[in-house]
Protein chains: 2
Amino acid sequence: MLNKTFSALADNNRQKIIDLLKKREMSVSDIVSHLNITMATLSHHLDILKRADLISGRRDGQKIIYSLNFSVIQEVEEKIVKFLKIKNKK
Amino acid sequence: MLNKTFSALADNNRQKIIDLLKKREMSVSDIVSHLNITMATLSHHLDILKRADLISGRRDGQKIIYSLNFSVIQEVEEKIVKFLKIKNKK
DNA sequence: TTATTATTTAGATATATATCTAAATATCTA
DNA sequence: TAGATATTTAGATATATATCTAAATAATAA
């Protein structure tokens with residue numbers, strides 16, 4: 001369950017994409033200009049982030065604009081914190 | 001940096017290992033009895049978790065006892081929270 | 001409608017990873 | 001020291017993944 005999330009986040013380029021989208025939503029070509037990969041590779045990474053429900057894309061004319069799924073990310077954050085919280089010895 | 005952590009956590013069996021060790025420290029044979037993998041495979045997973053600094057093992061006679069690295073996990077948690085925190089539009 | 005721009009899909013490749021069996025190593029006990 | 005128990009290492013295999021180039025699809029502009 002957290003699995004898909006951790007896998008999605010376990011890649012440098014995908015972490016960078018998240019970081020970029022924290023600042024503002026961006027088109028695919030915007031994003032690719034900040035990374036050292038081809039469009040095709042970026043498309044693949046966006047797909048993984050979409051499947052993990054961390055980002056969404058909407059079409060705006062010729063472009064597709066990606067943005068973070070804020071509420072999902074917040075839930076994910078809570079789940080991770082819960083997962084990593086060490087209970088006091090019971 | 002968070003990369004190694006996310007990769008280490010991006011596997012079901014390793015998540016289970018973390019969950020087991022949250023309750024108490026355990027020997028390798030203890031752990032393997034809770035999972036559906038061979039000793040060799042477990043050894044591999046323990047290695048990955050050790051390299052990510054999430055767990056440590058100490059020898060106790062014939063056995064090696066693994067436990068969580070509490071302080072590291074807490075730091076990791078903080079880093080992840082920071083990473084996933086969405087800044088207010090600046 | 002044709003050309004241009006933006007993105008995705010298909011297909012290939014190389015590397016990483018999860019798993020296994022078998023062998024090696026380490027500690028303890030008789 | 002020999003045998004038993006616990007863990008790791010070596011080597012093999014199958015699957016997943018990150019990447020690329022080239023082709024396909026979608027929207028806009030001329």
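A note on names: the letters A, B, ... follow the listed sequences, proteins ahead of strands, and every chain is numbered from 1. Computed from a prediction, not measured in an experiment: that's the story for all the values here.
The existence of a salt bridge linking D30(B) and R24(B) is confirmed by a sub-4.0 Å separation between a basic side-chain nitrogen and an acidic carboxylate oxygen. Salt-bridge formation is not detected for the pair D19(B)/K16(B): no Lys NZ or Arg NE/NH1/NH2 atom is positioned less than 4.0 Å from an Asp or Glu carboxylate oxygen.
For the OP1/OP2 pair of dA18(D) and a distance below 4.0 Å, the side-chain nitrogens and oxygens of N12(A) include no atom meeting the criterion. Listed pair S29(A) / dT5(C) fails the phosphate criterion, with no side-chain N or O lying under 4.0 Å from OP1 or OP2. Dashed line: the shortest gap from a side-chain N or O of T41(B) to OP1 or OP2 of dT19(C) is not under 4.0 Å. For dT27(C), one of the phosphate oxygens OP1 or OP2 lies less than 4.0 angstrom from a side-chain nitrogen or oxygen of R59(B). Between H45(A) and dT17(D) there is no side-chain polar atom (N or O) within less than 4.0 angstrom of OP1 or OP2. Distances shown here put a side-chain N or O of Y66(B) below 4.0 Å from the OP1 or OP2 atom of dT8(D). In this model, the phosphate group of dT9(D) is not approached by any side-chain N or O of H44(B) to a distance below 4.0 Å at OP1 or OP2.
For Q62(A) against dT28(D), no side-chain N or O and base N or O form a donor-acceptor pair under 3.5 Å.
Here dT19(C) presents its P atom at 15 Å from CE of M39(B), a figure rounded to the nearest Å. One atom, CD1 of I65(A), and another, C1' of dA6(C), lie 11 Å apart when rounded to the nearest Å. The CD-C1' distance, from Q15(A) to dA18(D), rounds to 15 Å in whole Å. L35(B) has its CG atom 15 Å from the C1' atom of dT7(D), to the nearest Å. Rounded to whole angstrom, the span from the CZ atom of R58(B) across to the C1' atom of dT27(C) amounts to 16 Å. The interatomic distance linking N13(B) (CG) with dT15(D) (P) rounds to 18 Å, in whole Å. Atom pair L49(A):CG and dA18(D):P shows a separation of 10 Å (rounding to whole Å applied). Between N3(B) atom CG and dA18(D) atom C1' there is a gap of 13 Å when expressed in whole angstrom units.
When atom types are taken as modelled, the side chain of R14(B) and the backbone of H45(B) share no donor-acceptor pair closer than 3.5 angstrom. With hydrogens and angles ignored, the 3.5 Å screen pairs a side-chain donor or acceptor of D11(B) with a backbone N or O of N13(B).
L2(B) and V81(B) sit in two unconnected hydrophobic clusters of ILVMFWY residues. Membership requires side-chain heavy atoms under 4.5 Å apart, directly or through other members.
Each of K63(A) and R14(A) lies near DNA chain D, and the nucleotide nearest R14(A) is the one positioned closer to the 5' end.
When both pairing distances are held under 3.5 Å, dA3(C) makes a Watson-Crick or G-U pair with dT28(D).
The side chain of T38(A) sits closest to dT21(D) out of dA18(D), dA27(D), dT21(D). Taking every side-chain heavy atom of A40(B) into account, dC20(C) is the closest of dC20(C), dT7(C), dT7(D). Nearest to the side chain of S43(B), among dT7(C), dC20(C), dT8(D), sits dT8(D).
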### Task
Decide side chain to side chain contact (heavy atoms under 4.5 Å, CB included) for F6(A) and I80(A); before the verdict, give the C-alpha distance in whole Å, the side-chain angles of both, and the deciding distance to 0.1 Å.
CA-CA 9 Å; F6(A) 283 129; I80(A) 292 178; 3.9 Å; yes
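Within 4.0 Å of D11(A), counting heavy atoms only, lie sugar-phosphate atoms of the nucleic acid but no base atom. Contacts of L42(B) with the nucleic acid, taken as non-hydrogen atoms under 4.0 Å apart, are absent.
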